[in-house]
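Contents: one structure, followed by commentary.
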Amino acid sequence: MSLIYLDNNATTKVDPQVVEAMMPFLTDEYANPSSIYDFAKRSNHAVKEARGVLKDFFNAENEKEIIFTSCGSESANMAIRGVLNMNKNKRHVITTKVEHPCVLNLYQALEKEGYKVDYIGVNSNGELDLAELSEKISDDTAIVSIMYANNETGVIFPIEKISEIIKSKNKETKFFVDAVQVSGKIPIDVQAMGADLVGVSGHKFHAPKGIGALYVNSKTLLKPLIIGGHQERGRRAGTENVPYIVGMAKAAELATDHLKYEATEVKRLRDKLEANILKNVFNARLNAGIVNRVPNTTNIGFEYIEGELILLHLSDLGICASSGSACTSGSLEPSHVLRAMNVPFTAIHGSIRFSLSKYTTEKDIDYVCEKMPSIIEKLTNLSPFQDELEALKKLRQ
Ligand code: PLP
């Protein structure tokens, strides 16, 4: 049975070219890049080159604005804590109700530490309430943290507009953007975005797990989370993870070359899958309307059936998809993102995210399109909500 991997928002396959770029630094080139002998020059040079690649990936002004981290969660924590610890007098912070747990749970911790926290809501299409955001920004707002695209629905937030709103209300408020789910899918341009800090994670764009990056513009000062050596200009101590840094830089180069493919081929396959399911399954509904979304993601609610059962049936056929985010699946709590969007209770538990990548083929999508209606029909026949399903069928016919 072949594997059909449609869970690329959870993690991606490492590109063999990335492995190839990393290999020398996992084997012969093991020197510490801070050492001064000749042997260390190649490691040192590799890290410098990678920083340059990441600068271009972010369209930053300067290599000094790039910090290597271990993952997207670390980038977010470093950005938010780093700014707050630099501005201890400011006690108000803003985020959205649909952030990844690495931001949401940090904000909940900040609330317990006495910060005033505002969580901005979204409408039923997953779009952010910009008027509410504007209303909440005050002289005391230290940082606003808003994701670029949502990991569950793929909905893209209008980052440029958001930064204009923030800066027009308070020039000193810092703006952190969690760009983990857009990297490799749409271009990232920190200058156009007007963001002060932007985080990414290598394993979402075909680098290995355990490496990330944070862009911090030159006007933003950070208190480091990890104190020690002088690495990363004193902003993150610890010997640089040379092979993974090199791997992420290679993945960033490849991702940039692939952006057009994402916008055309990956989007075409996603749209085909989505349209096919919505046409052939009467109790399917798209979670998120026809709004700006990353090209690889669709989130579909199957009414009156259990998402976990759908996933198990798909898994039996070698198809990998997910319900909610990888960090929250496994818990029985319905998705906080879909709840914030007011997705009907009847669909929230049966919601499935399919996320494609450059490795997804037409054959993969055709196979899922073929199998999905019979899986759903089987589970629908077992549902205890037969009257409701009959009424829904009549309504949608
Ligand atoms: N932010 C978003 C939007 C994500 O989807 C994820 C992971 O799924 C993260 C942050 C965390 O990234 P990492 O797993 O690299 O810590």
Side-chain angles (χ1 to χ4, degrees), residues 5-14 18 54 57 67-81 95-109 119-120 122 126 128 144-157 159 162 175-186 188 193 195 197-215 225-226 236 241 244-245 247-248 251-252 255 288 293-299 320-331 335-338 340-341 353-357:
Y5 187 75
L6 298 179
D7 199 16
N8 288 280
N9 286 9
T11 197
T12 57
K13 174 185 158 99
V14 179
V18 168
L54 264 295
F57 189 58
I67 302 177
F68 291 115
T69 65
S70 65
C71 60
S73 303
E74 184 189 335
S75 298
N77 276 260
M78 179 187 284
I80 296 162
R81 284 266 186 218
T95 190
T96 78
K97 288 185 178 164
V98 296
E99 295 299 302
H100 185 270
C102 73
V103 170
L104 220 43
N105 290 345
L106 171 59
Y107 267 61
Q108 274 160 18
Y119 300 94
I120 308 299
V122 293
L128 204 59
V144 177
S145 176
I146 293 181
M147 63 196 341
Y148 204 146
N150 185 269
N151 44 307
E152 294 187 33
T153 60
V155 173
I156 296 175
F157 289 148
I159 294 299
I162 292 169
F175 182 27
F176 168 64
V177 177
D178 172 355
V180 166
Q181 287 297 346
V182 297
S183 40
K185 299 172 189 169
I186 59 171
I188 300 177
M193 286 158 69
L197 309 107
V198 180
V200 297
S201 176
H203 75 103
K204 307 290 185 179
F205 56 99
H206 305 289
K209 294 152 200 63
I211 185 71
L214 176 66
Y215 156 82
L225 287 186
I226 304 175
R236 183 192 189 257
N241 186 354
Y244 282 65
I245 288 171
M248 184 171 63
R293 288 180 297 162
V294 285
N296 80 320
T297 308
T298 183
N299 191 312
C320 309
S322 93
S323 58
S325 80
C327 308
T328 44
S329 63
S331 87
S335 148
H336 68 284
V337 176
L338 301 184
M341 288 165 64
R353 175 187 73 186
F354 298 97
S355 47
L356 288 63
S357 83

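In this chain, numbering begins with 1 at the start of the sequence shown. Everything quoted here is computed from the prediction, not taken from an experiment. Just so you know, these numbers use all the heavy atoms, side chains as well, and skip hydrogens, waters and symmetry mates. Counting starts at 1 for both ligands and their atoms, following the listed order.
- Residue Lys209 does not touch ligand 1, judged by heavy-atom distances below 4.0 Å.
- Looking at Ser73 against ligand 1, both its backbone and its side chain come within 4.0 Å, counting heavy atoms.
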For this session: Check the pair Thr69 / Ser75 against side-chain hydrogen bond (donor to acceptor under 3.5 Å, both in side chains), numbers first and verdict last.
Result: CA-CA 6 Å; Thr69 65; Ser75 298; 2.9 Å; yes

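- Near Cys71, the atoms of ligand 1 lying under 4.0 angstrom from a non-hydrogen atom of the residue are 13 (P), 15 (O), 16 (O).
- Between Phe205 and Phe57, the ring center distance clears the sub-6.0 Å criterion.
- Here's the thing with Lys204: one of its N/O atoms is less than 3.5 angstrom from an N/O atom of ligand 1.
- Under a cut-off of 6.0 angstrom, the local environment of OH in Tyr148 is crowded, with over 12 non-hydrogen atoms contributed by other residues, nucleotides or ligands.
- Neither the backbone nor the side chain of Glu99 has any atom closer than 4.0 Å to an atom of ligand 1 (non-hydrogen atoms only).
- Of the candidates Glu152, Lys204, Lys185, Lys185 is the only one forming a side chain to side chain donor-acceptor pair (under 3.5 Å) with Asn9.
- The His203 neighbourhood of ligand 1 comprises atoms 13 (P), 14 (O), 15 (O), with distances under 4.0 Å to a heavy atom of that residue.
- Phe68 is listed as a side-chain neighbour of Leu54, based on a closest heavy-atom distance under 4.5 Å.
- For ligand 1, the atoms lying closer than 4.0 Å to a non-hydrogen atom of Met147 are 3 (C).
- The contact set between ligand 1 and Ser201, taken as ligand atoms under 4.0 Å from a residue heavy atom, comprises 13 (P), 15 (O).
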For this session: Test side-chain contact (heavy atoms from CB on, under 4.5 Å) on Asn150 and Glu99 and set out the steps.
Result: CA-CA 7 Å; Asn150 185 269; Glu99 295 299 302; over 6 Å; no

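- Only side-chain heavy atoms of Cys102 come within less than 4.0 Å of ligand 1; its backbone N, CA, C and O stay farther off.
- Of all atoms in ligand 1, numbered sequentially from 1 with element shown, those under 4.0 Å from a heavy atom of Gln181 are 3 (C), 4 (C), 5 (O).
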